[in-house]
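Letters go in sequence order (proteins before strands), and every chain restarts at 1.
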Amino acid sequence: MRTAVVVFPGTNCEKDVVHALTSLGGEAELVWHRETDLSRFDGVILPGGFAHGDYLRTGAIARFSPVMAEVGRMAAAGAPVLGICNGFQVLCEAEMLPGALIANRDLAFICRFVDVEVTDTSTILTRNATLGQRLRLPLNSYQGNWVDPGSDARVTLTYLDNPNGSQGSAAAVSNAAGNVVGVMPHPERASEELLGSGDGLVLLEGFLQSLVPA
Amino acid sequence: MRVSVEITRRPEIADPEGTTIMRALADLGHRDIEAVRVDRVIHLDVAGDDPDQVRARVEEMCRQLLANPVLEDFRVEVDE
Amino acid sequence: MRVSVEITRRPEIADPEGTTIMRALADLGHRDIEAVRVDRVIHLDVAGDDPDQVRARVEEMCRQLLANPVLEDFRVEVDE
Amino acid sequence: MTITGQPVHRRLGMTDDEHESVIRILGRSPLPAELAMYSVMWSEHCSYKSSRAHLRRFPTEAPWVVVGPGENAGVVALGDGWLAALRIESHNHPSFVEPYQGAATGVGGILRDVFTMGARPIALWDQIRFGPLDDPKNRYLFGGVVAGIAGYGNAVGVPTIGGEIEFDPTYSGNPLVNVMCLGILREEQLVLGTAGEPGNVAVLLGKATGRDGIGGASVLASASFDDGSQEKRPSVQVGDPFEEKKLIEACLEMFEEGLVAGIQDLGAAGLACAISEPSGRAGVGMDVDLGAVHVRESGMTAPELLMSESQERMMAFVHPRNVEAVLVIANKWEIESAVIGMVKAGGTLTVRHSGEIVAEMPAASLADAAPLYDRPLRRPEWLDGLWQTPDPPQIEPADALIQLLDDPGIGSSAWTYEQYDHMLFLNTLCGPGGDGSLLRIRGTHKGLAVSTDGNGRLCLLDPRRGAARLVYEAALNVAMTGAKPLAVVDNLNFGNPEKPEVMWQFRETVEGISEACEALGIPVVGGNVSFYNETDGVDINPTPVVGLLGLADPIPIQLPGLGRAREGMEIWEIGPEPTQNLAGSALQRVVHRQLGDRPTAAQPEWAKQVIELAASLAHQVPVLHDVSSGGLAVGVAEICIASSVGAALSAEGIGPLFSEDPHRFILMMDPGAVRLPADLARMVGFVGGNSLSMSGAGAVDLGLLTATYQQAIPRRMNR
Ligand SMILES: Nc1ncnc2c1ncn2[C@@H]1O[C@H](COP(=O)(O)OP(=O)(O)O)[C@@H](O)[C@H]1O
Ligand SMILES: [Mg+2]
C-alpha cells in the first residue's frame, strides 16, 4: 500500500504529511509534479502549500502539471485522492471537486485551531469517524472560503464557528463517490497531542484504510 | 498585439476584497458608496497581426487558465 | 454613478504574478506571448450626479486607499 | 548614469574624503561602475563604518561557536553533529516607504542569510514597532507590515513562531521591522560565503535582474528620512516568495550533493557585494561578465546591474566539474541560472560589460578598505532630568491593570500571529502567545528555544542597564522552556550616528549586551546595525533587540504553559524582591504617561541562579511565566486569561504589583508539589474563583480581563 504525496513548486506541507502517515504505519513517497506514472501507488495526497505561489488563482496553474492526468485517472478508478488546503484548491480547479475557493471573508490569513463536525462518514477521509463527531484541527489558509452556487455537493466536515465565510460552513467536501476529498484544515498538523491535538489521526487512518492494491 | 482581458467576478459570488474596501472607505468618511467590486485585468502582448485570430487564441487561454468558470466571466479586448 | 478605477502597476516595478502566468501559458503551448501584466479594476457606485465632483472624490479615494502610490498608478473613469 | 547638480559621489551618499580614498586605492579617478560599487559597499548599511569599532567589544568566543560574526549568519554546535544557524536583520526604512513589500523583502533577505550557510530555515521571529494605533498612518503601517511578513513567510514555507510588538510615539515616523531566522543543518553541510579556489565558476541563481531597489536598501538605509524620502520611492523592491521557495530547495539540494564550494546571497549592494565579499574572504580575484547576467529589463547599465537589489538571487561558486550538475538542479526547480564569471588568482576583481572593462579593483578593498569612523560620543544632558523620580498620579491597581491589558503592546497579539503560519514542520512545541519559543529537532531529544526582546524606553533611560536586562530577560524566557542559553544575535536600531548622544547610547548598549553575555558565558554570533532611524531630526529611542538561542536537552516531558493553571494552585514569585522602581515600565508609559527614574541594574549573580532554577523547574511544574511588561499583576492576569480561572494575590501596592525589576518569574503548582529555595521564592497568592483580586485593591472580573486583553488590537484595527 503506497501513497503518493505530490510536490508542486511551492508546496510546503509534503514532509509533514509523510511524517504523519508513516507514524501511522503507512508508506508514503514524495512525487515531483512532472511525474507521469503513478501506477506504483494506491492513493494520492495533494498536500498544503502555495503551488506556483498561488498566482492567478490558487491551484489554477498546478492543475496543469503533468502529474494531474494520473491523479485524475486514479480518482476515476476509485482510488483515494485527498487534497489538503492548497491540495483542495487544486482539486477544485481541476474540476475533480465541485466549487472553488476564494479569499477569507475578513481578507486575512488564518492560522489557528478550529472545531469541525463530521457530517458524512462515507468518504475515504471520514470512514473511521462517527457522524456528528467534533474534531479540533489547525486551519492555515488565506483562500479557505469555499463557494459553489446552487451546490448539491457532499459536505464532509463543517466548521462549528465559520471562520472564513465558507458556503454552508464547509470545511471539507467530496465528490459523489466519496473517494476524492478536499479538506481545508490540516489533519497532519493534528497528529500528536504534543502539537495541541491528535484529532487528525482518525481522518488519516481512514485514508490509509481506504487504500486497496491497484 | 496588446490584448487586455477583464476577468469579472460573477455577481452571485461574494467579493471579500470589495466589501473590505467599502468598509475601509466608510472609515475614511466616504459613507455614500453603494457598492464596490474588484476585478482583474490581464494585459498580454501576443505575437500576430490578425485581430480575430489573436482574440480567438486569447479567449482559448481564458477558458483554459485565465478565468475560472465557477467564479468568473471574461471579456477580451484587442487594442490594435 | 458608476465609476471604474484602473490600478496599474508602475512599469519599473516587478510583477512576479505576470511572469508566472506567462510561464504557465508557455507550458500550455502559448509560446508567443511577449509580456503579461496583471492589474486591478475597482468598480464603485458613488452617490452624486456631478461627474466632475464624483471624479474628484474618487481620485481622492485612490490617493488615500485604493492605489498604492509607491507601486501603482491609477486612472479614474466615470461612466455616466 | 547621468547625474545633475552636485558631484556624482555625493549623490551616491559618499563623502569627499571617501571619494579621495577610492582614488588613492585605484591610483586614478573611478569609472561610474566603480564609483557605484564603492558607494554601496562603503554605505553605513554594508560597511558598518560607524559601528565596527564598537562591535569588536562583543564576546564572540565559546567552544560551541562554529561561525561567529563576519559571515552571513552565526553557527553554533548543538551536539551529535547538529548545527544551528541564526541571524537577525532590520528592514526599517523600506517598511516605512512600503510596509507590505518592505517587510516581505526583509523576510526574504534574512532567509537567504541563513540558507546561505547550508542550513534549512526552520523558523522566523518578528520584532516590530510602530507609533500609536490611533493614527491611521500607523494602522496602515502595522497592518501592511504584518500582512507582508505573513504574505512572504507563509508562502515561502517557513513558520513565524514568535516575536514582539511595541507601540510608542517614538516610532511614529520611523517604524522598526526586525526579523530573526533560525536554521538547522548537519556539520558536513556547512557552506561559507567564499569564492574558494581560482578556476571556480560563478553561477548566478534565481530571479532575473531588474532595476529594483537601485541603491535601495544600502542608500535608503543609510540616509535619514525627510520629505525627500518621496524621491527614493521608485527603488522599492517587490518580493516573490514563490521564487525564493524554489531557490531554497534548489540550493539545499546542491549542498546535499556537495556541489558548491561557497555561496553568497544577494542582498544589500546586490552583485557588487556578492562578487567582492567572497573574493575578499578567499583572498582571490574574479573575472565577471555583466553581459551574462539574466535580466528582466533591457538596456541596464553596468552600475545598475552591479547595484540592483532585485530579490531572490544567490551567487554560487562551483568547481568546474560540478557546474553541469548545478545547472541541472536549477532547471529541475525551475529557477533561472547564468554562469557570469570565474575566480582567478591574485586579488583583482575585473568586471566587463559588452567586451569592455567597466570596473577593476582589488576585490578586498570594497570590504576591508571601507572607512572606519570613531565618531564622537557625549552623554546626553537631558538624562539627569529623566533620572529624577517622578511623582505619579494616584491610581487604583485594578484600573491600572485594565488600562495595561488594553494596551496593544501588552494585550493579546493573536491578531498578528494568527496571520502567520506558526505550525509548519510539526516542530512548534511552544508557539506564539507564551514566553520563549521551543522547537523540537525530530529524531533527537533536543529542543531549540528562542526569545527575542527589546525595550526602547528602558534603553532611553539607561542604555547600558537596559540592554543588559534584555539579555537576561531573553535568557530567562528560554530557561522557562527547560533550555540553557547558547548564543545571542542582536539588532541595534538607533538614530543618527553623527550625533554624539546617539553614538554614546550605541556604545553604552554594546557595553551592556557584552557585560550580560560575559556574565552568562554566551557569545554574540551575529547581528545587524540600523542607524539613521530619525525623522525630521528626531531620533528614535535607542532600541536594541536581542535574539537569544537556547538548547533544551532533553525537552521537558510535559512543558509548562500559561494555560495550565488550575483552581487551588499556589502562586509563587521567584527571584529578588522587587523595589518600588518603575523606570521605563509599562505603567509609566500607559498609565502615568510620564517616563522617569533610573532603571534598576541587573544583578548577574541573582540572574544566573534564577535562570538555572527556571530551567530545572520547567521539568517539574505546570505554569511558569516571566515578570516583564506590566509586572506581576499583568503576568498573573495573562495566566488567568489563558487558563480561564481567577486568582487572589496577596501582593499589595503599586511597586510589588507593577514594577518590572529583573530576574523574576511567576510559578504556579499544586500546594507543596515542589520544594522551592526559601531565599528566592515567595508565595504571593492562590489560583481560584472567576476574578483577579489584589489584596486591598479590589477584584477585576475575569470576563472583563479577558475581553479587554483580547480586544486590545482588534478594536483598534477594527477587525
Ligand atoms: N550588531 C551586530 N552584532 C554582531 N554582529 C554584527 C552586528 N551587526 C552586523 N554584524 C555582523 O557583520 C556581518 C556583516 O553584516 P551584513 O553586511 O549586514 O551582512 P549581510 O550583507 O549578509 O546582511 C554579519 O556577519 C553580521 O552578523
Ligand atoms: Mg548576507
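- Here the shortest heavy-atom pairing between A:N12 and D:F425 reads O-CE2, 4.5 Å.
- The OG atom of A:S141 sits 10.0 Å away from the CG atom of D:D421 when rounded to the nearest 0.5 Å.
- Across all their heavy atoms, A:W32 and D:E334 have their closest contact at CZ2-OE2, 4.2 Å.
- When each of D:V146, D:N154, D:L429, D:V158 is checked for heavy-atom pairs under 4.5 Å with chain A, D:N154 comes out on top.
- Note that NE2 of A:H19 is 4.5 Å distant from CZ of D:R442, once rounded to the nearest 0.5 Å.
- Rounded to the nearest 0.5 angstrom, A:L194 CG and D:L559 CG are separated by 7.0 Å.
- Note on D:E249, D:K332, D:E244: by heavy-atom pairs under 4.5 Å with chain A, the leading option is D:K332.
- Between the SG atom in A:C111 and the NE2 atom in D:H422 there is a gap of 4.0 Å [rounded to 0.5 Å].
- The two residues A:R112 and D:M423 come nearest to each other via the heavy atoms CA-CE, 4.2 Å.
- Taking CG of A:L195 as the reference point, atom CG of D:L426 lies at 6.0 Å (rounded to 0.5 Å).
- Other residues, nucleotides and ligands contribute over 12 non-hydrogen atoms within 6.0 Å of the CG atom of A:D37.
- No hydrogens or angles considered: nothing links the side chains of A:N140 and D:Y420 as a donor-acceptor pair under 3.5 Å.
- A 4.5 Å side-chain heavy-atom check between D:Q419 and A:I110 finds every atom pair outside the cut-off.
- Residue with the most contacts toward chain A among D:K245, D:E418, D:K246: D:E418 (heavy-atom pairs, distance under 4.5 Å).
- No part of A:Y142 comes within reach of chain D, as not one of its non-hydrogen atoms sits under 4.5 angstrom from that chain.
- Between chain D and the options A:G196, A:G49, A:A108, the largest number of non-hydrogen pairs under 4.5 Å is found for A:A108.
- Using cut-offs of 30° and 60° for the angle between ring planes, the A:H52 and D:F242 rings count as tilted.
- Between A:E193 atom CD and D:Q558 atom CD the span is 11.0 Å, to the nearest 0.5 Å.
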